[in-house]
Amino acid sequence: MSRRSRKDVPAQSVPRPTVSVCRGCCCGTEKIPGVDHAAQLARLRSGLEGAATVRAVDCLDACEQGNVIVVQPSAEGRRAGGRPVWLGLVNDEHAEQDIVTWATAGGPGLADAPDILDLYVFKPSRRVSAGLDG
(Lines give C-alpha, C1' and ligand atoms only; values in the text may rest on other atoms or scores of the structure.)
Protein backbone atom coordinates (compact mmCIF):
# COMPACT_ATOMS: atom_id res chain seq x y z
CA MET A 1 0.00 0.00 0.00
CA SER A 2 1.31 3.40 -0.96
CA ARG A 3 1.78 6.08 1.64
CA ARG A 4 1.76 9.00 -0.79
CA SER A 5 0.01 12.05 0.50
CA ARG A 6 -2.40 13.99 -1.69
CA LYS A 7 0.20 16.69 -2.26
CA ASP A 8 2.54 14.05 -3.78
CA VAL A 9 0.00 13.16 -6.47
CA PRO A 10 0.90 14.85 -9.74
CA ALA A 11 -1.55 17.57 -10.72
CA GLN A 12 -3.66 17.03 -13.79
CA SER A 13 -1.94 18.83 -16.62
CA VAL A 14 -3.69 21.69 -18.31
CA PRO A 15 -4.06 21.17 -22.07
CA ARG A 16 -1.35 23.23 -23.74
CA PRO A 17 -1.19 23.70 -27.47
CA THR A 18 2.22 24.22 -29.05
CA VAL A 19 2.97 27.29 -31.13
CA SER A 20 5.91 26.68 -33.46
CA VAL A 21 7.46 29.85 -34.84
CA CYS A 22 9.63 29.39 -37.92
CA ARG A 23 13.02 30.99 -37.55
CA GLY A 24 14.90 29.36 -40.41
CA CYS A 25 16.35 30.59 -43.63
CA CYS A 26 13.75 33.29 -44.41
CA CYS A 27 11.32 33.63 -41.52
CA GLY A 28 12.80 35.66 -38.74
CA THR A 29 15.44 37.29 -40.94
CA GLU A 30 15.94 40.50 -42.88
CA LYS A 31 14.52 38.67 -45.92
CA ILE A 32 11.15 39.70 -44.46
CA PRO A 33 11.67 43.43 -43.90
CA GLY A 34 9.74 45.69 -41.57
CA VAL A 35 9.23 43.09 -38.83
CA ASP A 36 11.05 43.02 -35.52
CA HIS A 37 11.39 39.23 -35.47
CA ALA A 38 12.93 39.02 -32.01
CA ALA A 39 10.13 41.17 -30.59
CA GLN A 40 7.53 39.00 -32.36
CA LEU A 41 8.85 35.86 -30.71
CA ALA A 42 9.11 37.64 -27.34
CA ARG A 43 5.49 38.88 -27.58
CA LEU A 44 4.25 35.38 -28.38
CA ARG A 45 6.21 33.86 -25.50
CA SER A 46 5.00 36.52 -23.10
CA GLY A 47 1.38 36.38 -24.23
CA LEU A 48 1.25 32.59 -24.11
CA GLU A 49 3.19 32.04 -20.89
CA GLY A 50 1.42 29.31 -18.95
CA ALA A 51 -1.14 28.75 -21.73
CA ALA A 52 0.90 27.24 -24.56
CA THR A 53 4.36 26.03 -25.35
CA VAL A 54 6.11 28.41 -27.74
CA ARG A 55 9.13 27.15 -29.61
CA ALA A 56 11.33 28.62 -32.30
CA VAL A 57 12.01 26.00 -34.96
CA ASP A 58 14.34 25.72 -37.91
CA CYS A 59 13.08 26.31 -41.43
CA LEU A 60 9.61 24.85 -42.03
CA ASP A 61 10.21 24.98 -45.80
CA ALA A 62 7.27 27.27 -46.57
CA CYS A 63 9.41 30.35 -47.20
CA GLU A 64 6.94 31.97 -49.60
CA GLN A 65 4.55 32.26 -46.60
CA GLY A 66 7.03 33.81 -44.12
CA ASN A 67 6.70 34.42 -41.26
CA VAL A 68 5.15 31.00 -40.65
CA ILE A 69 3.57 29.95 -37.35
CA VAL A 70 2.03 26.53 -36.73
CA VAL A 71 -0.50 26.13 -33.92
CA GLN A 72 -0.55 22.49 -32.86
CA PRO A 73 -3.31 21.08 -30.66
CA SER A 74 -2.78 19.77 -27.18
CA ALA A 75 -3.33 16.04 -26.67
CA GLU A 76 -6.87 16.83 -25.56
CA GLY A 77 -7.39 19.05 -28.60
CA ARG A 78 -6.13 16.30 -30.90
CA ARG A 79 -8.53 13.81 -29.31
CA ALA A 80 -11.31 16.33 -30.01
CA GLY A 81 -10.33 16.40 -33.71
CA GLY A 82 -7.90 19.31 -33.75
CA ARG A 83 -5.01 19.24 -36.20
CA PRO A 84 -2.05 21.58 -36.70
CA VAL A 85 -3.01 24.86 -38.33
CA TRP A 86 -0.40 26.52 -40.55
CA LEU A 87 -0.48 30.30 -40.62
CA GLY A 88 1.54 32.30 -43.12
CA LEU A 89 2.44 35.94 -43.61
CA VAL A 90 2.15 36.54 -39.87
CA ASN A 91 3.95 39.85 -39.97
CA ASP A 92 1.83 42.12 -37.79
CA GLU A 93 1.03 42.39 -34.11
CA HIS A 94 -2.73 42.05 -34.66
CA ALA A 95 -2.30 38.54 -36.09
CA GLU A 96 0.03 37.65 -33.23
CA GLN A 97 -2.58 38.78 -30.70
CA ASP A 98 -5.26 36.71 -32.45
CA ILE A 99 -2.98 33.66 -32.20
CA VAL A 100 -2.42 34.37 -28.49
CA THR A 101 -6.17 34.70 -27.91
CA TRP A 102 -6.91 31.42 -29.69
CA ALA A 103 -4.12 29.37 -28.12
CA THR A 104 -4.97 30.72 -24.66
CA ALA A 105 -8.56 29.54 -25.19
CA GLY A 106 -7.28 26.02 -25.97
CA GLY A 107 -6.25 26.11 -29.63
CA PRO A 108 -7.19 23.58 -32.34
CA GLY A 109 -9.90 21.14 -31.34
CA LEU A 110 -10.85 23.02 -28.17
CA ALA A 111 -11.54 26.59 -29.31
CA ASP A 112 -12.54 28.26 -32.53
CA ALA A 113 -9.89 30.47 -34.05
CA PRO A 114 -10.78 34.13 -34.53
CA ASP A 115 -12.33 34.43 -38.00
CA ILE A 116 -9.62 36.85 -39.15
CA LEU A 117 -7.02 34.08 -38.89
CA ASP A 118 -8.70 32.39 -41.87
CA LEU A 119 -6.84 34.96 -43.98
CA TYR A 120 -3.51 33.53 -42.78
CA VAL A 121 -4.26 29.80 -43.03
CA PHE A 122 -2.50 27.84 -45.76
CA LYS A 123 -2.00 24.18 -46.49
CA PRO A 124 1.64 23.13 -46.85
CA SER A 125 2.66 20.19 -48.97
CA ARG A 126 2.35 16.78 -47.32
CA ARG A 127 6.12 16.48 -47.26
CA VAL A 128 6.47 19.78 -45.41
CA SER A 129 3.69 19.18 -42.90
CA ALA A 130 4.70 15.58 -42.10
CA GLY A 131 7.22 16.71 -39.48
CA LEU A 132 4.65 18.57 -37.36
CA ASP A 133 1.50 16.53 -38.00
CA GLY A 134 2.92 13.41 -36.35
Taking side chain as C-beta onward, heavy atoms only, is [X] less than 4.5 Å from [Y]?
X    : Y    : result
L44  : V21  : yes
C27  : C63  : no
L87  : V121 : yes
C59  : C26  : no
R16  : P73  : no
L89  : L119 : no
F122 : V68  : yes
V85  : V70  : no

Exercise for the section: Verify, without hydrogens or angle tests, whether H37 (side chain) and N67 (backbone) share a donor-acceptor contact under 3.5 angstrom. Expected result: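 No; judged by distance alone, with no hydrogens or angles, the pair does not exist.
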Handout entry: Polar side-chain atom of N91 near backbone of G66 as donor-acceptor pair, under 3.5 Å
Key = yes
If you group Ile, Leu, Val, Met, Phe, Trp and Tyr by side-chain heavy-atom gaps below 4.5 Å, do [X] and [Y] land in one group?
X   : Y   : answer
L48 : V57 : no
W86 : V90 : no
L41 : V35 : no

Exercise for the section: Would you mind listing every salt bridge (Lys or Arg N to Asp or Glu O under 4.0 Å) that reaches into residues 18-39, with sequence neighbours excluded? Expected result: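 Residue pairs with at least one partner in residues 18-39: there are none.
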Practice task
Not counting sequence neighbours, list each pair that qualifies as a salt bridge (Lys or Arg N to Asp or Glu O under 4.0 Å) and has a residue in residues 108-121.
Solution key: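 Matches after skipping sequence neighbours: none remain.
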Which pairs would a plain distance check flag for residues 96-103, meaning a side-chain donor or acceptor within less than 3.5 Å of a matching protein atom at least two apart in sequence or in another chain?
residue, atom, partner, partner atom, Å
E96, OE1, R43, NE, 2.6
E96, OE1, R43, NH2, 3.2
E96, OE2, Q40, NE2, 3.4
E96, OE2, R43, NH2, 3.0
T101, OG1, Q97, O, 3.0
W102, NE1, A111, O, 2.9

Problem - Pair S20, R55: side-chain N/O donor-acceptor within cut-off below 3.5 Å - result: yes
Exercise for the section: Using a cut-off of 6.0 Å, state whether more than 12 heavy atoms not belonging to E49 lie near its atom CD. Expected result: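 Counting neighbours around CD of E49, 12 or fewer heavy atoms of other residues, nucleotides or ligands fall under 6.0 Å, so no.
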Handout entry: Nearest-0.5 Å distance, CG of residue D58 to SG of residue C22
Key =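 Here the interatomic distance stands at 7.5 Å.
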Problem - Closest contact, heavy atoms only, A80 versus L110 - result: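 Heavy atoms only, the tightest pair is CB-CD2, 4.3 Å.
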